[in-house]
Every structure is written in structure tokens, then in C-alpha cells.
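Have a look at the structure below before the remarks.
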Amino acid sequence: MRKTDRTASTPSSNFIRDIIEEDLRTDRYGGRVHTRFPPEPNGYLHIGHAKSICLNFGLAADYGGLCNLRFDDTNPTKEEIEYVESIKEDVRWLGFDWGDREFYASDYFEQLYEYAVQLIKKGKAYVCDLSPEEIREYRGTLTEPGKESPYRNRSVEENLDLFERMRAGEFEDGSRTLRAKIDMASPNMNMRDPVMYRILHATHHRTGDKWCIYPTYDWAHGQSDSIEGITHSICTLEFEDHRPLYDWFLDQLGIHHPRQIEFARLNLSYTVLSKRKLRILVEEGHVNGWDDPRMPTLSGLRRRGYTPESIRDFCERIGVARADSLVDIALLEHCLREDLNKRAPRVMAVLRPLRMVIDNYPEGQVEWFDAVNNPEDPGMGTRKVPFSRVLYIEQDDFREDPPKKWFRLAPGREVRLKHAYLVTCVQVVKDEQTGEVVELHCTYDPETRGGAAPDGRKVRGTLHWVSAAHALEAEVRLYNRLFTKADPDDAPEGLDFRANLNPNSLEVLTECRVEPSLAGAEVGSHYQFLRLGYFCVDPDSLAGKLVFNRTVPLRDTWAKIERKIKEQRGK
RNA sequence: UGGGGCGUGGCCAAGUGGUAAGGCAGCGGACUUUGGAUCCGCGAUUCGCAGGUUCGAAUCCUGCCGCCCCAGCCA
């Protein structure tokens with residue numbers, strides 16, 4: 001192995017591993033490492049969640065510990081069973097296993113209620129009758145301390161009675177809350193008597209109508225971690241200010257106390273990663289659903305053709321730190337190509353067909369050439385590809401007026417047809433009206449069977465092709481970046497990220513031709529279309545009509561050269 | 001004007017007082033029946049800035065600057 005290789009078995013160091021190793025050294029948690037991935041079932045998982053999933057499950061695996069899957073379902077007004085199903089599917093697809101440890105914060109509602117009663121009895125929590133607006137006013141501002149609620153000093157008995165009646169459903173939504181009694185003058189807003197329970201007469205997707213009071217995140221999260229015996233509770237940076245509260249609840253209760261650690265969430269260039277914005281894209285129809293291949297959701301990436309391996313590799317490579325960052329999406333694409341290069345069978349497909357007739361090739365003759373499935377892996381074998389007199393090549397592979405350094409086809413030029421023969425262009429047929437090139441006539445050299453010239457003559461260009469009579473028709477969907485700016489939120493005054501939507505993010509090609517070996521290709525299977533990129537079979541495929549998604553194009557050195565040539569000419 | 005964080009090449013990111021890893025991107029070149037892949041080579045005299053401590057500082061101290069988060073009965 002080269003020393004520069006990075007693999008999952010040699011994770012780079014990061015501050016979280018340092019903390020865990022320190023805790024292991026000092027025996028803080030009896031040598032245990034137990035993490036959890038705690039999604040709220042109110043949306044689909046995206047690549048940002050993948051970072052957290054890989055971190056939590058990865059750390060547990062590396063230190064011989066466990067990682068739970070816990071749904072943070074404390075808000076029945078926003079959560080749905082549909083989301084828990086998709087989340088489970090996505091985590092499983094990514095390659096992680098939570099065994100029998102599938103938990104829900106709602107599993108702990110009764111215990112949480114009892115803990116709350118304990119705090120009331122300790123004089124550390126009280127029922128408050130302030131309205132939402134009043135609570136806000138009493139909370140103060142960032143620079144001014146808040147005021148204490150007039151209900152703050154109710155007796156333990158009264159609090160107990162009121163809290164019980166809150167649970168019993170005697171009060172209206174929003175009329176009362178249970179609050180922790182901490183410090184209304186704290187410079188940390190989270191410590192200004194945070195709400196622990198709110199009244200919500202809503203049906204919960206798991207507990208039905210059993211409850212009409214629901215715990216807030218702050219009250220539920222730490223105690224859920226504690227109940228599950230979590231050792232390291234990893235979350236994103238914005239919860240850092242909540243840590244004193246997380247610790248306070250656990251200390252007041254005197255129960256198992258996990259350590260909360262925060263890290264910077266992922267930001268990816270040319271994309272948005274917030275549930276709110278992703279929801280807008282879906283609901284306003286800028287994309288076709290949560291699994292649109294242009295979406296950074298795991299279901300979108302999966303449909304696009306991303307592999308779990310490539311996403312895990314990406315998450316390993318971006319590292320874990322506390323600095324806000326914007327990761328270049330080129331790194332994600334690199335991880336994808338690296339993975340697919342090793343595994344995707346090569347196949348020939350012509351996206352924009354240009355008819356080519358081999359004048360000196362016998363009419364009616366068909367030869368079946370052996371084609372290597374993957375030069376990176378001889379073990380993947382070969383397949384037969386039919387060659388005949390009439391073929392299709394890519395329109396982009398012919399130029400009547402070739403620029404410098406062009407070594408594809410042009411009038412009088414010789415190129416190699418991959419796996420077949422060397423051919424020379426002898427005639428160009430154009431549409432009389434439009435002047436558009438509609439057909440090419442070539443001659444082949446029978447001595448070059450297989451693509452090698454016995455006289456050793458150099459042929460730089462190699463084209464992919466397909467036999468017209470044997471090719472299958474297919475639809476190909478080309479995807480480009482959803483946004484035109486690396487930071488989609490960088491929009492003109494008064495506008496938002498929608499102003500940076502790329503109008504050309506999807507291009508559908510319906511006249512494509514693919515080699516016959518693709519007949520019966522399975523939905524989801526990956527291929528490299530030679531010289532074009534990686535593609536996968538979309539679920540929209542029908543029996544006689546395959547639909548492919550372009551997962552990612554191959555690196556295009558020619559495009560780069562041509563760009564440079566144009567730049568030079570522009571000077 | 002409160003509190004909590006963060007600042008290492010274009011983008012990530014190691015580094016924890018001993019003289020700046022690695023990856024991506026970029027740029028050269030080799031090789032090539034994918035202008036793919038692969039291979040080789042090239043970048044920080046410098047770690048936000050300014051002082052200070054030290055034989056020695058990205059790492060310690062002081063001050064300053066910049067960016068992010070917090071005023072949901074969301075998570």
C-alpha cells in the first residue's frame with residue numbers, strides 16, 4: 001500500500017478521537033464507547049447526515065462499541081412514519097447496522113415524566129402560565145437579562161398538581177408549560193428557565209393520543225442519551241450553547257452522564273443542505289421529489305448512482321473539526337469516480353447519434369468482437385459486441401473543421417473504433433437545407449481487425465460506437481449542478497438561493513443508442529459508458545426502453561484543452 | 001454594548017514547544033486500443049494580524065481584526 005493511501009482502516013486523527021481515547025485512558029465510562037445517531041423523523045436524510053452517521057457508527061466500530069439509532073420524535077406536529085421508514089432505509093443502505101437498538105425518544109415519555117416530577121419535587125422546575133409571547137418578553141435579549149416569571153415560586157404541591165393536570169389534558173395548547181428553574185439573568189439564553197414540556201393536543205405517530213404534553217429537545221435529548229447508556233453524544237456546533245443545560249439536567253437528576261461533543265456540520269459547494277431549503281425545492285417543483293437525482297438527499301444520491309462506499313470514503317476524507325467549512329463537491333465526485341472506476345463494467349453508448357456507413361464493409365456482414373468489461377479488473381471478463389456496415393458514433397466525435405490538437409474524426413482523418421477497426425472518413429453528407437452533418441462515409445482497413453495497425457502506424461483517436469442494426473434505444477438523463485454558485489445563498493439583495501438555481505441542471509436525451517449487451521440491465525446497476533462517464537439504470541426504465549441517469553461524467557481533458565485553445569485565441 | 005465558538009496553501013485537514021503530513025482542485029510531464037485510469041514532478045521561509053515569553057512558537061501569554069452560532073412552547 002502506498003503511504004498516501006487513505007482507507008477506512010486508517011482513519012485520520014481528529015479531536016473527537018482524542019477525547020474518546022482520553023476517556024478510555026482515564027476509565028471515565030468503564031472502557032465503553034456508545035454513540036447514537038438521533039435523527040428527527042421530519043424529513044429525508046442528506047449527505048450532511050451521512051457525515052454524522054459515518055462518524056457515530058464509525059467511532060463505535062473503531063473502538064469496539066455500539067451505536068444506536070434513535071428517533072428524536074418529540075414533536076408530533078412535524079413528524080411522520082414515512083420519514084422513519086426512509087431514514088432506516090438510508091442508514092441501512094449506507095452500510096450501517098444498529099442491531100436491535102432501534103429506539104425512540106417517545107419510548108421514554110413515561111420515564112421523562114417521572115424525571116420531571118423529580119425536578120419539581122427538588123424545586124428545580126415549575127409550571128408557568130405565561131403565554132408564548134409573554135415568555136418571549138420575560139426572556140430578555142442577548143444583552144439584557146430576563147425577568148423572572150410571576151409563577152416561578154409556586155409551591156411544590158401546586159406544581160405537582162398543575163403538572164399532573166397538564167398531562168391529564170385539562171388545559172389548552174399553549175396555556176401552560178413546565179419550565180426548569182435556573183437563572184433568568186444567565187448570559188446563556190438556554191439557561192433562562194427553558195421550557196421542558198409544552199401542551200400539544202396532537203396525535204403522535206407512535207404514542208397516538210396517549211399524551212398531550214410533549215418534552216422539548218433540551219429536556220428529552222440528554223435524558224434519552226442517559227437512559228441508553230450513551231457515553232459520547234455527538235452533535236453539531238449550534239448545540240454548543242445547550243451543553244450547560246444538557247449537563248445541568250443530568251446533574252440535577254444524578255443519573256448516568258454522557259459527554260456531549262460538538263463538531264462542524266457539512267457544507268457542500270453548489271448545493272444546499274438544510275431541510276427547510278430542500279423542502280422548498282421539492283414543494284415548489286424545482287426538482288421532482290426528494291429522490292430527484294439532483295438532490296443531495298441520500299435517496300437522491302442513490303438514484304443518481306452514488307455508491308455507499310463512495311459516500312463513506314468522502315465522509316472519511318473530509319475529516320471532523322470545529323471550523324465552519326465549505327467542502328468542494330469535486331471531492332465527492334472524485335470519491336465516486338474512484339469507486340466506480342474499479343467496479344463499473346464498460347459498455348458503449350452513443351448519446352447523440354451520427355450515422356456512419358463503412359463503404360467497403362460487406363453489406364449484411366456482422367462480426368462479434370470481444371470487448372473487455374473492465375480494464376481495471378480482468379476478472380470481470382469480456383462480452384461480445386456486434387459490428388456491421390452501418391454504425392452510430394457520437395456527434396461530438398466529428399468535426400468538419402477540426403481545431404488544433406483534435407485527434408478524433410474529421411474529413412480524411414483516420415481513427416480507431418474501439419475493439420474493432422481503423423476507419424478513415426472519406427465523405428460527409430449534409431442536410432441541404434440546414435447544412436447539418438447527417439451522415440459520414442468511411443472506409444475501414446481490414447488489416448486492423450481488433451484495432452491494431454500491423455504496420456505500426458500511430459492513431460491517436462479512439463471512438464466508441466454502436467451497430468445501428470443491433471443497438472437498443474434508450475433515454476439518458478444528464479444532470480448538472482443544481483446551483484450556479486458555489487454558495488447558493490450568495491444571492492442578490494432581496495433574493496434567496498432560488499435565484500441561483502441552474503436552469504440547465506437537467507437535460508433529457510431520448511434518441512440514445514446503447515450496445516445490445518445492456519438488454520435486461522437491472523435497475524440501479526452501474527456502467528461506465530466508454531469515454532462519457534458513469535451511468536446507472538433508473539427505476540423509470542420500462543421493458544423495452546431503458547432509462548439511464550448520468551451519475552458523473554469522466555474527467556474531460558479534451559474539454560480543458562479546447563478551453564485553453566479558445567482562451568489563447570481570445571487574447 | 002451579552003454569551004459561546006472558529007481562523008494552517010484555491011477547498012478540506014494533520015500538527016498539542018523542536019523547526020509545516022495527507023487528500024481534493026490546479027499546473028507540467030510519462031504512459032495509454034477510454035483525450036478515462038495509472039505514474040512522476042511542482043507549490044505555505046510560513047500557520048488571521050501585532051507584540052511578548054523561550055536557545056527554539058502554528059503550538060505558551062497579551063492585544064487587535066475577521067467569520068459563525070444563540071432571544072422557537074423547532075431540533
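Chain identifiers are assigned alphabetically (A, B, ...) following the order of the sequence lines, protein sequences preceding nucleic acid strands; residue numbering begins at 1 within each chain. Side chains included, hydrogens not; waters and symmetry mates left out as well; all remaining heavy atoms used.
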Kindly say if A:Arg322 contacts the phosphate of B:C6, meaning a side-chain N or O under 4.0 Å from OP1 or OP2. yes
Distances under 3.5 Å only, N/O to N/O: pair up the protein atoms with those of nucleotides 72-75 of chain B.
{"from": "B:G72", "atom 1": "OP2", "to": "A:Arg139", "atom 2": "NH2", "distance (Å)": "3.1"}
{"from": "B:C73", "atom 1": "OP1", "to": "A:Arg139", "atom 2": "NH2", "distance (Å)": "3.1"}
{"from": "B:C73", "atom 1": "OP2", "to": "A:Arg139", "atom 2": "NH1", "distance (Å)": "3.0"}
{"from": "B:C73", "atom 1": "N3", "to": "A:Gly174", "atom 2": "O", "distance (Å)": "3.3"}
{"from": "B:C73", "atom 1": "N4", "to": "A:Leu130", "atom 2": "O", "distance (Å)": "2.9"}
{"from": "B:C73", "atom 1": "N4", "to": "A:Pro132", "atom 2": "N", "distance (Å)": "3.2"}
{"from": "B:C73", "atom 1": "N4", "to": "A:Gly174", "atom 2": "O", "distance (Å)": "2.8"}
{"from": "B:C74", "atom 1": "OP2", "to": "A:Arg198", "atom 2": "NE", "distance (Å)": "3.2"}
{"from": "B:C74", "atom 1": "OP2", "to": "A:Arg198", "atom 2": "NH2", "distance (Å)": "2.8"}
{"from": "B:C74", "atom 1": "O3'", "to": "A:Arg198", "atom 2": "NH2", "distance (Å)": "3.3"}
{"from": "B:C74", "atom 1": "O2'", "to": "A:Asn75", "atom 2": "ND2", "distance (Å)": "3.4"}
{"from": "B:A75", "atom 1": "OP1", "to": "A:Thr74", "atom 2": "OG1", "distance (Å)": "2.6"}
{"from": "B:A75", "atom 1": "OP1", "to": "A:Arg198", "atom 2": "NH1", "distance (Å)": "3.3"}
{"from": "B:A75", "atom 1": "OP1", "to": "A:Arg198", "atom 2": "NH2", "distance (Å)": "3.0"}
{"from": "B:A75", "atom 1": "OP2", "to": "A:Tyr217", "atom 2": "N", "distance (Å)": "2.9"}
{"from": "B:A75", "atom 1": "O3'", "to": "A:Asp72", "atom 2": "OD2", "distance (Å)": "3.3"}
{"from": "B:A75", "atom 1": "N6", "to": "A:His242", "atom 2": "NE2", "distance (Å)": "3.3"}

Classify A:Thr557 by what it touches in the nucleic acid, base, sugar-phosphate, or nothing, heavy-atom distance under 4.0 Å. sugar-phosphate
Hey, does the side chain of A:Asp193 reach the backbone of A:Arg179 with a donor-acceptor pair shorter than 3.5 angstrom? no
So does A:Gln528 reach the base of B:U34 with its side chain, donor to acceptor, closer than 3.5 Å? yes
What's A:Ala452 touching, base or sugar-phosphate or nothing? Going by heavy atoms closer than 4.0 Å. base
How is A:Glu240 classified with respect to the nucleic acid when contacts are heavy atoms under 4.0 Å: base, sugar-phosphate, or nothing? sugar-phosphate
Go nucleotide by nucleotide along RNA chain B from the 5' end; which of A:Leu417 and A:Ala264 gets its closest nucleotide reached first? A:Ala264
For the residue pair A:His334 / A:Arg555, report whether a side-chain donor-acceptor contact shorter than 3.5 Å exists. no
Whether A:Lys560 contacts B:G26 is assessed here as follows: a side-chain N or O lying under 4.0 Å from the phosphate OP1 or OP2. Is that the case? yes
Nearest-Å distance once atom C1' is located in both B:G26 and B:G43: 10 Å
If you go through the side-chain atoms of A:Glu262, does one of them form a donor-acceptor pair with the base of B:G4 closer than 3.5 Å? no
Inter-nucleotide C1' distance (B:G66, B:G28), Å rounded: 36 Å
For A:Thr141, answer base if it contacts any base atom (sugar-phosphate contacts may also be present), sugar-phosphate if it contacts only those atoms, and nothing otherwise; contact means non-hydrogen atoms under 4.0 Å. base
Taking the side chain as every heavy atom from C-beta outward, state whether A:Gln528 and A:Leu340 have any pair of such atoms under 4.5 Å apart. no
Six-ring centre of A:Tyr113, A:Arg167 cation under 6.0 angstrom, axis tolerance 45°: yes
Between the side chains of A:Arg343 and A:Asp377, is the shortest nitrogen-to-carboxylate-oxygen separation below 4.0 Å, so that they form an ion pair? no
In whole angstroms, how far is the C1' atom of B:G36 from the CZ atom of A:Arg531? 10 Å
Could you tell me whether A:Asp129 and A:Arg154 have a side-chain N and a carboxylate O separated by less than 4.0 Å? yes
Classify the nucleic acid contact of A:Ile561 as base, sugar-phosphate or nothing, counting any heavy atom under 4.0 Å across all strands shown. base
Has the side chain of A:Lys181 got a donor or acceptor atom that lies under 3.5 Å from a matching backbone atom of A:Tyr126? no
Can you tell me, in whole Å, how much space there is between the P of B:C68 and that of B:U59? 25 Å
Quick note, A:Trp406 side chain, CB onward, closest among B:U32, B:C24, B:G35 is B:G35
Does NZ or CZ of A:Arg206 come closer than 6.0 Å to the centre of the six-membered ring of A:Tyr104, within 45° of the ring's axis? yes
For A:Asp241, answer base if it contacts any base atom (sugar-phosphate contacts may also be present), sugar-phosphate if it contacts only those atoms, and nothing otherwise; contact means non-hydrogen atoms under 4.0 Å. base
By the 4.0 Å heavy-atom rule, please label A:Arg243 as base, sugar-phosphate, or nothing. nothing
B:C6 and B:A75, which share atom name P, separated by this distance in whole Å: 26 Å
In this structure, how many angstroms lie between the P atom of B:C24 and the CZ atom of A:Arg337, rounded? 12 Å
Assess whether a salt bridge exists between A:Asp556 and A:Lys560, defined as any Lys/Arg side-chain N lying under 4.0 Å from an Asp/Glu carboxylate O. no
Just call it for A:Val320: base, sugar-phosphate, or nothing, with non-hydrogen atoms closer than 4.0 Å on any strand. sugar-phosphate
Distance check needed: B:G35 P versus A:Asp396 CG, whole Å only. 13 Å
Contact under 4.0 Å: A:His464 side-chain N or O vs B:U34 OP1/OP2: no
In whole angstrom, give the distance that lies between atom CG of A:Leu336 and atom C1' of B:A37. 15 Å
For the side chain of A:Leu142, counting heavy atoms from C-beta on, which of B:C12, B:A25, B:G2 is nearest? B:G2
If the P atom of B:U53 is compared with that of B:G41, how far apart are they to the nearest Å? 43 Å
C1' spacing across the pair B:A44 / B:G15, given as an integer number of angstrom: 14 Å
Which one, B:G36, B:C6, B:A71, comes nearest to the side chain of A:Ala323? B:C6
Taking only side-chain N and O atoms of A:Lys564, does any of them lie within less than 4.0 angstrom of OP1 or OP2 on B:G28? yes
Between A:Thr448 (side chain only) and A:Asp445 (backbone N and O only), is there a donor and an acceptor less than 3.5 Å apart? yes
Choose from B:G35, B:G23, B:C12 the nucleotide whose nearest atom is closest to any side-chain atom of A:Ile318. B:C12
Remember a base hit wins even if backbone is also touched, and classify A:Phe407 as base, sugar-phosphate or nothing at under 4.0 Å, heavy atoms. base
Report which part of the nucleic acid A:Trp219 touches: base, sugar-phosphate, or nothing (heavy-atom distance under 4.0 Å, all strands). nothing
Expressed as a whole number of Å, how far does the C1' atom of B:G22 sit from that of B:G17? 23 Å
Nearest-Å distance once atom C1' is located in both B:A71 and B:U8: 35 Å
Scanning all shown strands, the Watson-Crick or wobble mate of B:G9 with both distances under 3.5 Å is none
Closest to the A:Leu331 side chain, choosing from B:U33, B:C70, B:G23: B:G23
Taking only N and O in the side chain of A:Arg408, is any of them less than 4.0 Å away from OP1 or OP2 of B:G35? no
